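Just so it is clear, the model here is predicted, and its values are computed rather than measured.
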Amino acid sequence: MKKTLVLSAAAMMLVGANSFAKESTLIDFSLLDADITVKMSENDQGDKPNENKRTVMDYSIAAGATYDQAQRDLMKTSLYVEEWEIELNSSARSVNSLALSQVKAAPVRENAKVPFAGQKVMGVRVLFPAVAANSNAVIKPPFDIPAYEPLSTADDTGARQPQTDEEKASGRTLFEADSDDTPAYGVVKNVGTIKSIAVTTMGMNFPHKLYVLLGDTDGNHRRYLMGNLEFDGWKTLTWNNPDYISEVRTREIRVFPIYPRGLPFVKFEGFQVARDALHAGDDFIGYFKDVKIIYDKAELTTERDIADEDLWGIVTRKEKARQNAEMTRFGNKQVSRYIERSKMATEDAFSSSLVEGSDSNAQSNGGATEADAK
């Protein structure tokens, strides 16, 4: 049976003279190190970098009117590696595992025999249960990576600046690559059929399986099995599409209107590490450098005689609506976390009643003085 390939009309006309497959880096974790300092609370005096400047997002747009400007200025987060989360399934979830499973920026030794020596990659620790139970962990970004966030720069406090004419003219969004030859920050557009996926990871002889999670334009969420992690050292794990057909003549080609469909995209939604009940549990440690994809272009870039979007603005309105929906979902979740962070206890230990001048003695003395005054 013939497999289906979706192309625009322009792509079909030029398909014979152009190669299909294109390689892009979907996400590179070495680019997601902390390079700016953003205050997390009103009393935060820290000067250590804690957010990634390129991917910082302001979610105060979703906050209610009860927050003043000083509080809104604190509502920022980014794709900084240590902001990523680990979501455990029910059989793996416990108070201890939730506390100890975390993501860290892992520095690669300067003398390591890899091209990214001296850089930081994603380091992951997951505490699986010791009992024989199928369990898994999803390593996911701190927010659903927006596909339509406008490209703009941020200052050293994480505040987004107005778009420049050059940024508008580029036609790219914030989490796309700066050019065809540079890595993206989680979103690649103009993607038709995915031919292959590759993950650069460091194995530690764990028998667990690794999956890559991707989303697309139509809201589909797919899981791709990359293989197991039972090896030692750096390795590229590859998934090859078993239904991919290289011969054009055997493909069934469906043609869609060029405008105003827009460019289909894929976005990175995380990794999943699955531990089989037959394998030993306890701690899992893993390291990840990047995720790459080889794919067919959905549309070939051509110079058209009429600027359709400038005339009709249909795609702009659709993308604006999707962008607002993405920001609302993202903002509501982050505002809830901001509230929870503000309510958390900051004390690490009790003040001692045996020490002169402690808070407890001051309160006791104050109470006695007030009683004497009466």
Mutual orientation of the aromatic rings belonging to Phe268 and Trp84 [parallel < 30°, tilted 30-60°, perpendicular > 60°]
tilted
Would you please say whether a donor-acceptor pair under 3.5 Å links the side chains of Ser170 and Glu167?
no
Looking at Asp296 and Lys195, is there a salt bridge between them, counting it only when a charged N and a carboxylate O are closer than 4.0 Å?
no
Can you tell whether the side chains of Lys267 and Asp144 come within less than 4.0 Å, N to carboxylate O?
yes
Give a yes or no on whether a salt bridge exists between Arg172 and Asp180, defined as a side-chain N under 4.0 angstrom from a carboxylate O.
yes
Charged N to carboxylate O below 4.0 Å: is that the case for Lys140 and Glu87?
yes
Go through Phe288 and Phe271 one step at a time and tell me if the ring pair (Phe, Tyr, Trp, His ring centres under 6.0 Å) criterion holds.
CA-CA 10 Å; Phe288 303 96; Phe271 296 113; 4.4 Å; yes
Do Asp28 and Thr25 pair up side chain to side chain, a donor and an acceptor below 3.5 Å, judged on atom types alone?
no
Aromatic ring pairing Phe265/Tyr148, orientation class (parallel under 30°, perpendicular over 60°, tilted between):
perpendicular
Donor-acceptor contact present, side-chain Asp276 to main-chain Leu278, <3.5 Å:
yes
Is a donor on one side and an acceptor on the other found under 3.5 Å between the side chain of Glu51 and the backbone of Ser78?
yes
Give a yes or no on this: more than 12 heavy atoms of other residues, nucleotides or ligands lie within 6.0 Å of atom CG of Asn111.
yes
With the threshold set at 4.0 Å, does a side-chain nitrogen-carboxylate oxygen contact exist between Arg54 and Asp178?
yes
Where the side chain of Arg160 meets the backbone of Ser152, is there a donor-acceptor pair that is under 3.5 Å apart?
yes
Looking at Thr173, is its backbone amide N or carbonyl O close enough to the side chain of Glu176 to form a donor-acceptor pair, meaning the two atoms are under 3.5 Å apart?
yes
Do Tyr295 and Ser24 have side-chain N/O donor and acceptor atoms under 3.5 Å apart?
yes
Under the 4.5 Å side-chain heavy-atom rule for ILVMFWY, direct or indirect, which residues accompany Ile306?
none
Using distance alone, with no hydrogens and no angle criterion, decide if Asn89 and Ser135 have a side-chain donor and acceptor under 3.5 Å apart.
no
Can a donor-acceptor pair be found, under 3.5 Å and without considering hydrogens, that links the side chain of Asn52 to the backbone of Asp33?
yes
salt_bridge(Arg222, Asp216) N-O dist < 4.0 Å:
yes
Mind checking ring-ring contact (aromatic ring centres under 6.0 Å, His included) for Phe116 and listing every partner two or more places apart, or none if nothing turns up?
Trp234
Between Phe206 and His279, ring centroids under 6.0 Å:
no
Whether Ser101 side chain and Leu98 backbone form a donor-acceptor pair below 3.5 Å:
no
